[in-house]
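Beneath this line is the structure, given in structure tokens, with notes to follow.
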Amino acid sequence: MTLRLYDTATREVRPFEPVRPGRASVYVCGLTVQSEPHVGHVRSAVSFDVLRRWLQHGGLEVDFIRNVTDIDDKILAKAADAGRHWYEHAALMHRELTAAYAALNVLPPTYEPLATGHVPEMLALIERLIERGHAYPAADGSGDVYFDVRSWPAYGELTRQRVDDMEAAEDADPRGKRDPRDFALWKGRKPTEPETASWPSPWGPGRPGWHIECSAMAGKYLGETFDVHGGGVDLRFPHHENEQAQSRAAGHGFARFWLHNAWITTAGEKMSKSLGNSLTIPAVLERFRGIELRYYVVAAHYRSHVEFSFESLEEAASAFARIEWFLEQVQGAEPDYADDLPDAFVAALDNDLATPAAMAVIHEHVRQGNVAVSARDGEAASRAACQVRTMLDVLGLDPADPAWGGASGADDERLRAAVDVLLAGLLEQRAAARAAKDFAAADAIRDRITAAGIEVTDTPDGPKWSIA
RNA sequence: GGUGGGUUGGCCGAGAGGCGAGGCAACGGACUGCAAAUCCGUGUACACGGGUUCAAAUCCCGUACCCACCUCCA
């Protein structure tokens, strides 16, 4: 495999070699389950899902860990607003998130660790940092523990920033910090916070800081050094910088590649700031199928900023319909991994997951396949369809993947068969009318079928119907 | 102030020194009773100003505008 990936830390595309031969280890920062997932959230998931599928296709076993942050300030605040227990709120949003991932055919991770389930690991890491002189309990009796930024000379290396150039947040509460840039590893419980949101620690009851969870969980499941750490661009600083600092200060090698996906914005604004809830995944799925949304996301490179609009999503759906139509013409063509993927497709994905170029290859094969269908060259058409489906499958976009069908698959099949039988009579009448050149009668029959929401199309092999 | 990124045809969206990615839309043609789909064809696109080069959307310098992050707000 000659996969090359863009590493944010070195700002260059370089060859990917797993630390452990034959196994790739990937850690992706999941979400803080505080509100309904929106389009921006799933971009990260889909992007790294493509990475995972490509690594697997390259013959690697992939240990894919994607965490869920289920305790944090926002969760406490939003749960209080909604009149729920914080853990109830987190669990509710977590279920929404899982449903959104499933709707977009994002493969379940190898494991999805929760922050609240790893407090002992975090405490151990914090104690180690204190022993090594890189962390300290606050002197103000708050029970907080901070990472000592000044004790770690490499601090800022991931994002190429010098500590002295950093602007301390104006409204930051310095509390017991030695330096305003020090960040919390552990937060002592405040009297206003629910008791259920605290855990015992050597520094008194409290809860974990945001960054420490990822260091602890990545270390636990992937080892002290692992291959890829991914997340959204916004996480580079402070989150990833802090993760790297604390992990390395604890003596770990940590991530060898840092991958960051760009934003999807609306009207130039971050989605999290955008008004309303029209862009939550459940809302978008009322208007578009999951596979269409996934196509839309994959059609842009993961490092490119995307300006979301329903118009461009509509365009993407049209483009995808073209692919689907071709595959419907050539039934029975299964993905075939024994057959090599087109070189251009492989080259595209190997080049930092250039999905737009990969998509161009798919469209090119669809075009050739359509030519073969027109020429009634069944063998060529079938081969093209196999290749198209194989490529789509690598991107998680194979329309025939059972993951899209859901539980109603069997019922759908039976309904389809029933409609087929019912329509057969009407289509025979229409064929007779056409043969007699009674086009008014033929069109009347077609109009009736159309009114029922079914589109009839004449093809060289006779009429075909599809749900409009 | 610091750090990173962006500006490409009607639209979306790739590319990163030389042959016009791909898609959507539009127009012309083929096919069709008509449609639909499909195929073939049609576009002198790279924010602006300089420069380097035989050759620049791509490299260099400058300018403008935009975006993200800068320590518990993705």
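Computed from a prediction, not measured in an experiment: that's the story for all the values here. Order of the sequence lines sets the chain letters (A, B, ...), proteins ahead of strands, with each chain counted from 1.
- Nearest nucleotide to the side chain of A/His363, out of B/G23, B/C73, B/U3: B/G23.
- No engagement by A/Arg376 is indicated, since no non-hydrogen atom pair under 4.0 Å with the nucleic acid exists.
- Under 3.5 Å, the side chains of A/Asn67 and A/Glu213 contain a donor-acceptor pair of N or O atoms.
- The nucleotide whose nearest atom lies closest to any side-chain atom of A/Pro238 is, among B/C70, B/G33, B/U3, B/C70.
- Counting non-hydrogen atoms under 4.0 angstrom, A/Arg162 reaches nothing in the nucleic acid.
- Comparing the P positions of B/U8 and B/A57 gives a spacing of 15 Å, expressed to the nearest Å.
- A cation-pi arrangement is not found for A/Arg248 relative to A/Phe254, the charged atom failing to lie both closer than 6.0 Å to the ring centre and inside a 45° cone about the ring normal.
- Taking 3.5 Å as the limit, the base of B/C34 and the side chain of A/Asp458 contain a donor-acceptor pair of atoms between them.
- We find that CG of A/Leu349 is positioned 15 Å from C1' of B/A21, with the value rounded to whole Å.
- Residues that satisfy the side-chain contact (heavy atoms from CB on, under 4.5 Å) test with A/Arg160, not counting sequence neighbours, are A/Arg11.
- Atom pair A/Phe237:CZ and B/C73:C1' shows a separation of 15 Å (rounding to whole Å applied).
- If you check every strand for non-hydrogen atoms under 4.0 Å, A/Gln34 touches sugar and phosphate atoms only.
- For B/C39, one of the phosphate oxygens OP1 or OP2 lies less than 4.0 angstrom from a side-chain nitrogen or oxygen of A/Asn370.
- One can place CG of A/Asp179 at 17 Å from P of B/C70, the figure rounded to the nearest angstrom.
- Closest approach to the A/Arg322 side chain among B/U3, B/C24, B/G22 is made by B/C24 (side chain taken as heavy atoms from C-beta onward).
- Comparing A/Arg434 and A/Tyr6 against RNA chain B, the residue whose closest nucleotide sits nearer the 5' end is A/Tyr6.
- A gap of 33 Å separates the P atoms of B/A14 and B/U53, to the nearest Å.
- Classified by interplanar angle (parallel below 30°, tilted 30° to 60°, perpendicular above 60°), the ring pair A/Phe288/A/Phe310 is parallel.
- Here the separation of B/A64 from B/A25, taken at their P atoms, is 40 Å to the nearest Å.
- One N or O donor and one acceptor, one from the side chain of A/Asp443 and one from the base of B/G33, sit under 3.5 Å apart.
- The distance between atom CE of A/Met391 and atom P of B/A21, rounded to the nearest whole Å, is 19 Å.
- Distances were taken from every side-chain heavy atom of A/Arg446 (C-beta onward) to each of B/C40, B/G4, B/C34; the shortest belongs to B/C34.
- To the nearest 0.5 Å, atom CH2 of residue A/Trp186 and atom OG of residue A/Ser142 are 12.5 Å apart.
- No engagement by A/Val233 is indicated, since no non-hydrogen atom pair under 4.0 Å with the nucleic acid exists.
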Give me, pair by pair, the N or O atoms of the protein and of nucleotides 12-14 of chain B that are less than 3.5 Å apart, along with how far apart they are.
{"residue": "B/A14", "atom": "OP1", "partner": "A/His301", "partner atom": "N", "Å": "2.7"}
{"residue": "B/A14", "atom": "OP1", "partner": "A/Ser304", "partner atom": "OG", "Å": "3.0"}

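- Heavy atoms of A/Asp73 sit under 4.0 angstrom from at least one base atom.
- Note: A/His240 and A/His260 meet the aromatic proximity criterion, with ring centroids under 6.0 Å apart.
- Remark: A/Arg14 qualifies as a cation-pi partner of A/Phe257 under the 6.0 Å distance and 45° angle criteria applied to the six-membered ring.
- Nearest nucleotide to the A/Arg11 side chain, out of B/A36, B/G23, B/G4: B/G4.
- Across the P atoms, B/U63 and B/G1 are found 13 Å apart, a figure rounded to whole Å.
- Nucleic acid contact for A/Ala319: sugar-phosphate only, since backbone atoms but no base atoms lie under 4.0 Å from a heavy atom of the residue.
- Counting any heavy atom pair closer than 4.0 Å across all strands shown, A/Tyr155 reaches a base atom.
- Among residues two or more places apart in sequence or in another chain, the side chain to side chain donor-acceptor pair (under 3.5 Å) test is passed with A/Asp458 by A/Arg430, A/Arg434.
- Within the 4.5 Å cutoff, the side chain of A/Met391 has no heavy atoms near those of the A/Leu395 side chain.
- Residue contacts shown for A/Lys437 are absent, as no nucleic acid heavy atom lies under 4.0 Å away.
- At the heavy-atom level, A/Thr159 lies under 4.0 Å from the strands shown only through sugar-phosphate atoms.
- Rounded to a whole angstrom, the distance from the C1' atom of B/A56 to that of B/G18 is 10 Å.
- On the P atoms, B/C70 is 28 Å away from B/G62, given to the nearest whole Å.
- Between the C1' atom of B/C67 and the CZ atom of A/Arg303 lies a distance of 16 Å, rounded to the nearest Å.
- Rounded to the nearest Å, the gap between the C1' atom of B/A26 and that of B/C12 is 15 Å.
- A search for side chain to side chain donor-acceptor pair (under 3.5 Å) contacts involving A/Ser215 returns A/Gln246, A/Ser247, not counting sequence neighbours.
- Minimum atom distance to the side chain of A/Thr457 is reached by B/A36, of the listed B/A36, B/U71, B/U3.
- For the pair A/Gln368 CD and B/C40 C1', the computed distance is 15 Å after rounding to whole Å.
- Mapping A/His211 and A/Ser374 onto RNA chain B by nearest heavy atom places A/Ser374 closer to the 5' end of the strand.
- For the pair A/Asp182 CG and B/C70 C1', the interatomic distance rounds to 15 Å; values are reported in whole Å.
- Of the C1' atoms belonging to B/A35 and B/G41, the separation is 22 Å, rounded to the nearest Å.
- Stem regions for RNA chain B, each three or more consecutive Watson-Crick or G-U pairs with both distances under 3.5 Å and listed by first number, read B:1-7 with B:64-70, B:10-12 with B:22-24, B:26-30 with B:38-42, B:47-51 with B:59-63.
- Residue A/Arg207 is tested with A/Asp144, A/Asp72, A/Asp73 for a salt bridge (charged side-chain N to carboxylate O under 4.0 Å, His left out); the sole match is A/Asp73.
- Cation-pi geometry between A/Arg416 and A/Trp465 is met: the NZ or CZ atom falls under 6.0 Å from the ring centre, inside 45° of the normal.
- Checking B/U38, B/C40, B/G23 against the side-chain heavy atoms of A/Arg367 singles out B/C40 as nearest.
- Checked against side chain to side chain donor-acceptor pair (under 3.5 Å), A/Arg236 has no partners two or more places apart in sequence or in another chain.
- As rounded to whole Å, 18 Å separates atom P of B/G23 from atom CD of A/Glu292.
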